[in-house]
Amino acid sequence: MIVLKRVLVTTDFSSASDAGLAYGRALARRFAASLHVLHVSENFFLRSTPSDLNALLAAKARAIDDRLTDDDRSMLAVHTAVAVSDDAADAIVSYARREAIDAIVVGTHGRTGVQHLVSGSVAEHVVRGAPCPVLTVRQLEHEFVVQDYDSSEAPMILLRKILVATDFSEPSDAALAYGQELARTFGAQLLLAHVVDDVSARAYGPDGCLVADPELQRDVEAAALHRLEGLISGEDREMLRAEPVILTSHVPASALVQYASTRAIDLIVMGTHGRSGISHLLMGSVAERVVRTAPCPVLTVRHPEREFLRPDALVAVTRT
């Protein structure tokens with residue numbers, strides 16, 4: 001059962017943040033949760049500035065308020081805040097921990113290439129350190145929140161296909177629990193995917209020539225499929241139309257994103273180990289790469305301090 005009491009939306013007043021607010025608003029209304037909207041302003045107190053600092057902060061607060069609707073104020077318990085910090089991700093994570101937030105919604109610009117290497121991504125840093133699940137929203141091909149902006153009706157959550165990515169780790173088990181419960185709640189189909197290594201792309205003979213071994217590849221894929229099928233119960237197959245999906249690639253993030261695009265996936269759910277430091281620099285994170293390029297929102301789950309699923313739902317996955 002989903003028990004979502006506090007939803008945090010971060011905003012930098014961009015179009016990506018406005019998309020995030022639409023999702024946060026829809027989730028808060030659907031689950032009768034309070035809506036927190038946070039902006040992190042640059043720490044300019046130690047810098048020379050011709051402007052009045054209090055006036056600048058007040059302007060930021062007004063900018064948040066301008067993005068809230070009359071329905072937000074009348075139907076939701078809304079809390080707005082402006083934090084001052086040189087590390088936006090750290091400020092967001094600290095706020096989430098302090099306010100016992102159950103889910104964070106972050107709009108991301110999906111930077112890639114040199115721009116990403118230089119500036120990084122606040123969303124990815126939040127994913128890595130958040131104490132609760134994080135929903136990231138970027139420039140989308142597939143949205144699961146629908147709203148007629150010419151009417152007063154509340155936004156609707158329309159989830160039809162949910163893709164859960166698994167590497168059979170503990171964070172992936174938690175992601176599966178979230179995917180199952182969201183599929184049950186919204187009547188969506190559940191697709192459970194695992195990316196196996198393309199063995200032929202890595203197998204070379206003593207003379208340096210590529211050695212293709214179709215039989216070995218089939219064995220690897222069959223073993224992975226067997227493990228996937230063990231995670232899907234008969235009830236999931238019947239009620240959620242659950243399907244196991246084997247993808248073959250030596251770049252897991254790209255395989256997942258491509259599959260999500262071709263199958264019109266509305267939401268990707270995946271676990272993340274929350275690596276940091278040298279481990280992250282060397283290995284990167286599949287979850288963060290998916291966040292950066294996915295055609296739909298991505299819900300990431302690590303070892304959170306707070307869950308918005310009841311514990312029995314999480315336990316059920318480990319016993320499947």
Side-chain angles (χ1 to χ4, degrees), residues 133 142 144 159-203 213-274 283 285-291 293-303 307 309 312-320:
H142 299 285
F144 68 77
L159 277 170
R160 299 180 180 88
K161 294 181 181 180
I162 296 175
L163 175 65
V164 176
T166 181
D167 61 2
F168 306 116
S169 65
E170 187 176 349
S172 291
D173 290 342
L176 177 55
Y178 277 87
Q180 288 170 323
E181 200 62 34
L182 287 166
R184 293 188 189 104
T185 300
F186 295 102
Q189 181 183 15
L190 179 68
L191 300 162
L192 181 60
H194 174 71
V195 183
V196 301
D197 196 18
D198 188 347
V199 177
S200 64
R202 299 184 184 276
D213 190 344
E215 185 175 350
L216 176 59
Q217 187 70 49
R218 285 195 296 269
D219 289 345
V220 170
E221 293 177 4
L225 179 60
H226 179 72
R227 293 190 69 180
L228 277 185
E229 289 176 335
L231 295 175
I232 300 175
S233 67
E235 181 181 356
D236 287 345
R237 291 181 186 276
E238 181 179 351
M239 298 186 63
L240 307 182
R241 293 158 289 144
E243 295 180 8
V245 177
I246 294 295
L247 304 173
T248 302
S249 175
H250 59 276
V251 186
S254 296
L256 291 167
V257 168
Q258 183 177 4
Y259 181 82
S261 296
T262 58
R263 288 296 301 270
I265 298 297
D266 298 302
L267 174 68
I268 300 172
V269 186
M270 58 193 310
T272 175
H273 299 273
M283 301 180 66
S285 165
V286 173
E288 290 173 24
R289 294 181 185 184
V290 171
V291 163
T293 57
C296 59
V298 180
L299 180 68
T300 51
V301 182
R302 51 191 295 269
H303 292 290
E307 307 272 9
L309 290 188
D312 54 352
L314 296 168
V315 171
V317 170
T318 62
R319 292 178 178 175
T320 300

Candidate pair L191 and Y259, rule side chain to side chain contact (heavy atoms under 4.5 Å, CB included), full reasoning: CA-CA 11 Å; L191 300 162; Y259 181 82; 3.9 Å; yes

Donor-acceptor pair, side chain of Q217 and main chain of D197, under 3.5 angstrom: yes

Flag side-chain contact, heavy atom, 4.5 Å: Q180 against L176: yes

V286 vs L256, side chain to side chain contact (heavy atoms under 4.5 Å, CB included): CA-CA, chis, key distance, verdict: CA-CA 10 Å; V286 173; L256 291 167; 4.3 Å; yes

Which donor-acceptor pairs under 3.5 Å do the side chains of residues 237-248 make with protein atoms, sequence neighbours left out?
from, atom 1, to, atom 2, distance (Å)
R241, NH2, G187, O, 3.3
E243, OE2, Q189, NE2, 3.1
T248, OG1, E221, OE2, 2.7

Atom pair CG (L192) and CD1 (I232), whose distance is rounded to the nearest 0.5 Å: 5.0 Å

Atom of A287, atom of G271 and distance for their closest heavy-atom approach: CB-O, 4.1 Å

Salt bridge R184-E181, side-chain N to carboxylate O under 4.0 Å: yes

Contact check, side chains of P297 and F144, non-hydrogen atoms, under 4.5 Å: yes

Contact summary for G179 and V164, nearest pair of heavy atoms: CA-CG2, 3.8 Å

Shortest non-hydrogen contact from Y178 toward V269: CB-CG1, 4.2 Å

Side chain to side chain contact (heavy atoms under 4.5 Å, CB included) between R263 and L163, worked out: CA-CA 10 Å; R263 288 296 301 270; L163 175 65; over 6 Å; no

Main-chain N/O of R160 paired to D266 side chain as donor or acceptor, under 3.5 Å: yes

Side-chain touch V257/I268, heavy atoms, less than 4.5 angstrom: no

Minimum-distance pair of heavy atoms, taken over all atoms of A264 and K161: O-CD, 4.0 Å

Over all atoms of both residues, closest heavy-atom pair of P252 and S249: N-OG, 4.5 Å

Check: S172 side chain, D167 main-chain N or O, donor-acceptor pair, under 3.5 Å: yes

